[in-house]
Asks: 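To start, I am sharing the structure in question, which I have written as structure tokens.
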There are 2 protein chains.
Amino acid sequence: MANTGSAQTGEYVAGLEKGLAVIEAFGARHPRLTISEAARLAELSRASARRCLLTLQKLGYAEYDGRYFRLTPRALRLGYAYVMSTPLPRVVQPVLETLSERTHESASVAILDAAEIVFIARSTTRRSLSAGIAVGTRLSAYGTATGRVLLSNLTDAALRALIRETAPTKLTPKTVTDTPSLLSEIRNARTQGYAISDEELELGLRSIAVPIRNAVGDMVAAMSLSVQTARMGRAEMVEQLLPALETARRMISAML
Amino acid sequence: MANTGSAQTGEYVAGLEKGLAVIEAFGARHPRLTISEAARLAELSRASARRCLLTLQKLGYAEYDGRYFRLTPRALRLGYAYVMSTPLPRVVQPVLETLSERTHESASVAILDAAEIVFIARSTTRRSLSAGIAVGTRLSAYGTATGRVLLSNLTDAALRALIRETAPTKLTPKTVTDTPSLLSEIRNARTQGYAISDEELELGLRSIAVPIRNAVGDMVAAMSLSVQTARMGRAEMVEQLLPALETARRMISAML
DNA sequence: ATAAAATGTTCGCTATTCGAACAAACGCGG
DNA sequence: CCGCGTTTGTTCGAATAGCGAACATTTTAT
């Protein structure tokens, strides 16, 4: 088989690549997979997919009922190997709770993974909008305040490539999707230090986000507050919520 | 190399096993790893560990600074392949928020992974104890109410084996660690449908948990409320919080 | 500065993993 | 219900990916 991953022979494990592709084939649309389905989604031969699935089953990451494979909770260890190796979720959680309680709005922290943001911590109050967003939820970066902040950390060249690959579509009639406007929004985030998404993700939802930086100044996450548009205007949100976010992010940066 | 995982040849991918062992070697104690450290923790040769780490780097799951490897946010996809393939976190989050707000206590849902519980959803109020527990946090099952509920789903034989392997130690002076007492607590959870941990995980912390079952009656998670011992006695907790938990778990079961 | 220990890298060899071919199961039309 | 085509799952001879012992390099200790 062709050596797909390394310029030099002997520095790559093709079976690992295939197995990880099979794991990633599982998801909301595919909570369970047959051998053929896994092969198709992971772009492997059925024989390869079968060996990977049987290996995952032997190791306890998947279970098999004779036809379908499902991932088991042990698979959480793989994702949480990352989470556990960074202090961020534990550090930010209490700060988010304070922030959410004080502002009476939903507070979140997310990181960038390719063209998506992934929520790693969240706090809501009873009156605030949960919107079914839980830790682990992924959203396209381009339509969210958080995503724009995170994307502002990329070079323009990387941004252009990502936008091209993503081919943004309108999530609401207000979603900005054309490249020059998106680049402009992201550049604004870069210069003013915060970003806003105004009903671009969901009608009635307005968000503001700021970057979270570590001790050496690298952006490691973004933190946001979200409000219902009926409760707060855009200017008010900047005036009232941005200071709270900046206080919170200073607390967090001090702990990283 | 010995075929370690399958009775028949040709049904196992040793490289996948090794790569997953390397991923799991990362964690709170090991946020970054050298080739030798990864080899030692994953019980592999340095050459094997090196190939796995380079493969993870090529695929975007890890980064390398010339000496140390670190996992990247892409590794989250592996854990969330499981989370995304089960609706539980999204379903329970709003219910937990209501439960937490109504009872003024911390509410959590966790699942069992071997001898540990993993928190998959959580809600706290300002007045409640956060205790640094975020989604993804793992605790030994034996010392927690949630763990006892989840363990009650195992057979006595499986329980004995697990307790033997775990070799429970006292987390506080009140932690139950001897096997007959532990088995008794877990059997109580089985018969009465709830479990309590009374300052066994942490002095000053008292918890009560109930099982969450799916439509066919299989236990899929456990949900708990935690209080400060100064605020509520054990009997009061059963009287006041158990009904709220049972209402919440019926709501959840109706959605699964 | 030197030696020992630890860590990282190489490459000949062989056992693992490949996928084409075959076997088994399923679905559909008559 | 049967036959045929399609889809899915399994096998095994062959090719090569991945192995680890040996070596190279770096780090640590004296």
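Quantities reported herein were computed from a predicted structural model and do not represent experimental measurements.
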Asks: Of the options dC18(C), dG8(C), dG9(D), whose atoms approach the side-chain atoms of Ile35(B) most closely?
Replies: dG8(C)
Asks: In whole Å, what is the span from the CZ atom of Arg51(B) to the P atom of dT10(C)?
Replies: 12 Å
Asks: Taking the nucleotide of DNA chain D with the closest heavy atom to each, which residue, Ser36(A) or Gly15(A), is nearer the 5' end?
Replies: Ser36(A)
Asks: For residues Tyr142(A) and Glu200(A), is any side-chain donor paired with an opposing acceptor at under 3.5 Å?
Replies: no
Asks: Compare the minimum distances between each of dG18(D), dT10(C), dT17(C) and the side chain of Ala14(B), then state the nucleotide with the smallest one.
Replies: dT17(C)
Asks: Please compare Ala47(A) and Arg67(A) by the position of their nearest nucleotide in DNA chain C and report the one closer to 5'.
Replies: Ala47(A)
Asks: Check the pair Val109(B) / Thr146(B) against side-chain contact (heavy atoms from CB on, under 4.5 Å), numbers first and verdict last.
Replies: CA-CA 8 Å; Val109(B) 167; Thr146(B) 299; over 6 Å; no
Asks: Of all the nucleotides listed (dG19(C), dG20(D), dT9(C)), which has the minimum atom distance to the side chain of Ser45(A)?
Replies: dG19(C)
Asks: Using five base pairs at each end, measure the axis-to-axis angle across the helix from dA1(C)-dT30(D) to dG30(C)-dC1(D) and round it to 10 degrees.
Replies: 50°
Asks: Send over the distance from Glu11(A) CD to dG18(D) P, rounded to a whole Å.
Replies: 12 Å
Asks: Can a side chain N or O of Lys18(A) be found less than 4.0 Å away from OP1 or OP2 on dT17(C)?
Replies: no
Asks: When you measure from the side-chain N and O atoms of Arg46(A) to the phosphate of dG19(C), is any distance below 4.0 Å, counting only OP1 and OP2?
Replies: no
Asks: In whole angstroms, how far is the C1' atom of dT9(C) from the CG atom of Leu53(B)?
Replies: 14 Å
Asks: Starting from C1' on dC23(D), measure out to CZ on Arg50(B) and report it in whole angstrom.
Replies: 14 Å
Asks: Applying salt bridge (Lys or Arg N to Asp or Glu O under 4.0 Å), run through Arg32(B) and Asp65(B) and close with a yes or a no.
Replies: CA-CA 10 Å; Arg32(B) 62 184 195 175; Asp65(B) 65 9; 5.5 Å; no
Asks: Less than 4.0 Å between a side-chain N and a carboxylate O, is that true for Glu24(B) and Arg74(A)?
Replies: yes
Asks: Please report, to 0.1 Å, the donor-acceptor pairs under 3.5 Å made by any side chain of residues 35-48 of chain B, with sequence neighbours excluded.
Replies:
unit_1, atom_1, unit_2, atom_2, d
Glu37(B), OE1, Thr34(B), N, 2.9
Ser45(B), OG, Ser48(B), N, 3.1
Ser45(B), OG, Ser48(B), OG, 3.2
Ser48(B), OG, Arg51(B), NH2, 3.4

Asks: Strictly by modelled atom types, are Ser108(A) and Arg122(A) linked by a side-chain donor-acceptor pair under 3.5 Å?
Replies: yes
Asks: Tell me the interatomic distance from Leu33(A), atom CG, to dG9(D), atom P, rounded to whole angstroms.
Replies: 11 Å
Asks: Does the pair Lys170(A)/Asp178(A) count as a salt bridge with the N-to-O cut at 4.0 Å?
Replies: no
Asks: Would you indicate, yes or no, if dG18(D) has its OP1 or OP2 atom less than 4.0 angstrom from a side-chain nitrogen or oxygen of Ser48(B)?
Replies: no
